[in-house]
Amino acid sequence: MATDKNEILLKVNQVYNPPRHVVAGAYIQPEEYESLYEESIQDPERFWARIAEDELYWFQRWDKVRAGEHPNYQWFVNGKLNITYNCLDRHIKSGRRNQLAYICTNEDGDEVKVTYGELLDKVCRLANGLKALGVKKGDRVAIYMPQIIEQVVAMLACARIGALHSVVFGGFSASALRMRIKEARAKVVITATWTKRRGKKINYKMNVDEAVEDLPFVEKVIVAQREGDDYELVEKEIDFHELLQRHSPCCDAEVMDAEDPLFILYTSGTTGKPKGVLHTIGGYNLFTHYTTKIVFDLHENDIYWCTADPGWITGHSYLVYGPLSVGVTSVLFEGAPDFPNPGVWWSIIDRYRVNVFYSAPTAIRLFMKYGETWPQKYDLSSLRILGSVGEPLNPEAWLWFYEHIGSKNCALVDTWWQTETGGHMVTTIPSYRAKPGKAGKPFFGVVADVVDRAGCSVEPNTVGNLVIKEPWPSGLRTCWNEPERYEKYWNTIAPYYLAGDLATKDEDGYIMILGRADDVLTVSGHRIGTAEVESALVSHPAVAEAAVIGKPHELKGESIKGFLIIKEGQNNSEKLITDIKLHVRRELGSLAVPDELEIVDSLPKTRSGKIMRRVLKAQELGMDIGDISTLED
Ligand code: WT7
C-alpha cells in the first residue's frame with residue numbers, strides 16, 4: 001500500500017516546463033502569474049472591471065462590479081451588453097468580417113466555411129424569424145441538434161433577442177428531452193432531421209415528435225432539413241432554412257442587462273431529477289472570454305478546435321461563446337473520434353493547421369489504445385497548446401497526449417470546472433509549469449481550496465473536498481424553478497461553494513482532482529447521477545429496487561453497474577436484462593445505459609433504509625468494505 005501511494009505521488013510530482021516558444025508568445029508570462037493572481041483575489045472588483053473594460057463592449061457601463069448578499073451575487077450591476085454583439089458585430093466593426101468563425105467538417109470530409117459576417121447574417125435572420133413567431137425576451141427555446149453550424153446559429157439567435165436557450169444534448173432520449181422542454185416551458189423547439197455517426201443516420205426529429213406530443217405551450221418546432229431531405233412539414237413545424245430566407249439579415253442586438261439570464265443547461269445531481277443551471281449574460285461573457293483567451297492563449301489568427309458537443313457546457317463556453325467573443329477560427333466537427341478510422345481527428349488537425357486542441361481524457365485514452373502509429377501518419381506540428389476537460393487526466397494519458405500528439409513541443413492544460421462554474425476554475429496557464437495528473441493552480445479571481453467537512457483546509461496531499469471560497473463572475477445564479485437546490489451548493493460546507501469533487505493540494509499549491517465525492521458518476525466525461533439511472537431502472541415493470549455504482553473503466557473513466565431486485569414472478573433471463581437496458585436507453589438515452597446489470601436478492605441498506613452504494617462498490621471491487629455499523633443487516 002505505502003509504496004503504491006509513494007509511486008503515485010512521485011509520478012504526479014514531475015514538473016513539466018512548457019516549451020520556450022509557447023512561453024515566448026504568451027499573453028501572461030510565468031513569473032507574472034503569482035502577482036496577477038494575488039491582485040485578482042485581493043481586489044477582485046478592480047481586477048474584473050479592468051478586464052471587462054479592456055475586453056468587452058458594453059452599451060452602458062456598470063455602476064458596481066459586484067453586489068448582493070451571499071450567496072446571491074450580481075456582477076456588473078446595471079451594465080448593459082449583448083453577448084452576440086461581443087461575439088459577432090464587434091469583430092465585423094473592427095474589419096474582420098471575412099475572418100472565418102467556423103470550419104465545419106464531418107466524417108465524410110465535407111467542408112463548409114462560415115465567416116463572422118456570414119454568421120451574423122444567419123443569426124440575425126433567425127433572430128428576426130423567432131421574433132416573428134412571437135418569441136420575446138425572457139422566453140425559453142429548446143435546442144436539440146447535432147454538431148452543425150445551425151446549432152450555433154440557433155443559440156446565438158436566442159441570445160440576440162434575449163430569449164433563453166436550453167440546449168439538450170442529442171444523445172438524450174425523447175423522454176429526457178421532453179422533461180427538459182416541460183421544465184423550461186419552451187415556446188419553440190429547434191431541431192434538425194438527423195446526424196450521421198459512424199456511417200449511420202441517427203434521427204433527431206423523431207425524438208422531438210415524441211417529446212412535444214400534447215405539450216400545448218410548445219407553439220412551433222423549427223426543423224433544419226439536411227442535404228437530401230425532402231421532409232413534408234406538418235402543423236406547428238417550420239423549415240429552418242426557409243425561415244432564414246424569409247427574414248432580414250439585420251437585427252439589432254437587444255440591449256440586455258448584465259444579470260439577465262442567458263441560458264439554462266440541465267446537469268445531473270444527486271437526486272433523480274437533473275438541475276437546470278442558470279447563467280446570466282455579463283459575468284458569463286466576461287469569464288468565458290477571458291479564460292478562452294488566457295488558458296488557450298488564443299491570438300486572432302489561431303485555429304482552435306474544441307471537440308465537445310455544443311449540447312454540453314464545454315460546447316457552450318469553449319466552442320461557441322468563448323472563442324467567438326475572442327474572435328478566433330474554430331473547427332466544428334460532426335462525427336465520432338475513430339470513424340472512418342482512428343486517424344480522422346489527426347487528419348483534421350493536419351488539414352486545417354490547428355494550433356490549439358481541446359478534448360477529453362476518454363478520447364485520449366481511446367487513442368492510446370489505437371496506438372501512436374495513427375497520429376504519426378499526420379503532420380501535427382501546427383499544435384501549440386493541448387487541453388483536457390471532463391474527468392481526471394491520469395498521468396499516463398497526460399504523458400501520452402504530451403508526447404504523441406504534442407511531440408513534447410506543446411503546453412498541456414488540464415482544466416477543471418463544471419456546468420455550474422461556467423468556465424475554467426483550476427488549471428495551470430500554458431506558460432506555467434504543469435504537473436501531469438494535476439489540474440494545477442486556480443485561475444485568476446478563483447479562490448479554490450481543499451477542506452474537511454468543517455471547512456478547514458486539509459494538510460498538503462491529504463484528500464478533502466474541493467471548494468471555492470469567493471464568488472466569481474460566471475457562477476450559476478440559481479437552479480431553474482428550484483432555488484433551494486442552488487442554496488445547497490453554498491450551505492453544505494458553508495459559506496463555501498461545494499463542487500462535489502474530492503481533491504488534494506500539494507506543497508506547491510497544485511490541486512489534483514480525484515473524482516466525485518457524491519453519487520454522481522462521470523462516464524466518458526458525461527455527468528450522470530446514480531439516482532437518475534436508478535429511477536429509470538425502477539420504472540421498468542419487472543424491477544422492484546435498484547442501486548447503481550460506478551466502476552473504474554479503462555476508457556470511459558467509469559462504467560455503470562446496476563444491481564436489481566426483480567419483482568416476484570419475473571424470470572432472470574438474458575432477454576429481461578436486454579429489455580431493461582433498452583428501457584433505460586428510452587428513458588434517459590444511450591449515455592446512461594449500464595454496462596452491467598446484476599440481479600440480486602437484497603441490497604445493503606442503512607437502518608433508515610438508505611442504500612449503501614459504497615458497500616456494493618467495495619464488494620464489487622474487492623476492497624475493504626469499511627465502517628458498516630449503520631448497516632441494517
Ligand atoms: C464534473 C463537472 C466542465 C466541463 C465538463 C464537465 C469533472 C471536469 C475535470 C478535470 C477532473 C474533472 C468533475 C466535475 N471534471 N473537469 N479537468 N479533472 N475532473 O462538466 O458535466 O458539469 O461535470 O466533471 O467531477 O465536478 P460537468
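Whatever order the structure lists ligands and atoms in, that order sets their numbers, starting from 1. This is a predicted model, so every value here is computed, not measured. In this chain, residues are counted from 1 in sequence order.
- Note: Trp48 and Phe287 meet the aromatic proximity criterion, with ring centroids under 6.0 Å apart.
- The shortest N or O to N or O distance between Thr522 and ligand 1 is not under 3.5 Å.
- Within the structure, the closest approach of Gly500 to ligand 1 does not fall below 4.0 Å when heavy atoms are considered.
- Heavy atoms of Ile313 found under 4.0 angstrom from ligand 1 belong exclusively to the side chain.
- Atoms of ligand 1 found under 4.0 Å from any heavy atom of Val389 (numbered from 1 in listed order, with element): 3 (C), 4 (C), 5 (C), 16 (N).
- Aromatic ring orientation, Phe333 versus Trp305: perpendicular (interplanar angle above 60°, classes split at 30° and 60°).
- Among all non-hydrogen protein atoms, the one lying nearest atom 23 (O) of ligand 1 is Arg527 CD, 3.2 Å.
- Of the candidates Ala503, Gly390, Ala308, the one placing a heavy atom closest to atom 6 (C) of ligand 1 is Gly390.
- Counting protein heavy atoms only, atom 14 (C) of ligand 1 is closest to Asp501 OD2, 3.2 Å.
- Between His70 and Tyr73, the angle of the ring planes goes over 60°, which puts this pair in the perpendicular group of the 30/60° scheme.
- Contact annotation: for Glu391 versus ligand 1, heavy atoms closer than 4.0 Å belong to the backbone alone.
- Put simply, the residue from Thr292, Asp302, Val356 that forms a side chain to side chain contact (heavy atoms under 4.5 Å, CB included) with Pro323 is Thr292.
- Contacts between Thr419 and ligand 1, counted as non-hydrogen atom pairs separated by less than 4.0 Å, involve both the backbone and the side chain.
- Checked against the 6.0 Å centroid criterion, the rings of Phe443 and His424 do not qualify as a close aromatic pair.
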Practice problem: Show your working on side-chain hydrogen bond (donor to acceptor under 3.5 Å, both in side chains) between Glu420 and Tyr486 and close with a plain yes or no. | Solution: CA-CA 10 Å; Glu420 294 88 336; Tyr486 173 73; over 6 Å; no

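- Neither the backbone nor the side chain of His526 comes within 4.0 Å of ligand 1, counting heavy atoms alone.
- A salt bridge links Arg477 to Glu259: at least one charged side-chain nitrogen sits closer than 4.0 Å to a carboxylate oxygen.
- A side chain to side chain donor-acceptor pair (under 3.5 Å) with Lys438 is found for one member of Asn13, Asp508, Thr427 and no other, namely Asn13.
- If you check each of Gly315, Gly440, Pro392 against atom 11 (C) of ligand 1, the one with the closest non-hydrogen atom is Pro392.
- Closest protein heavy atom to atom 4 (C) of ligand 1: Thr314 OG1, 3.1 Å.
- Interface of Trp417 with ligand 1, defined as ligand atoms under 4.0 Å from a residue heavy atom, comprises 2 (C), 3 (C), 4 (C), 8 (C), 14 (C), 16 (N).
- Of the N or O atoms in Arg516, one or more lie within a sub-3.5 Å distance of an N or O in ligand 1.
- Aromatic ring pairs are classed by plane angle as parallel below 30°, tilted from 30° to 60° and perpendicular above 60°; the pair His165 and His316 is tilted.
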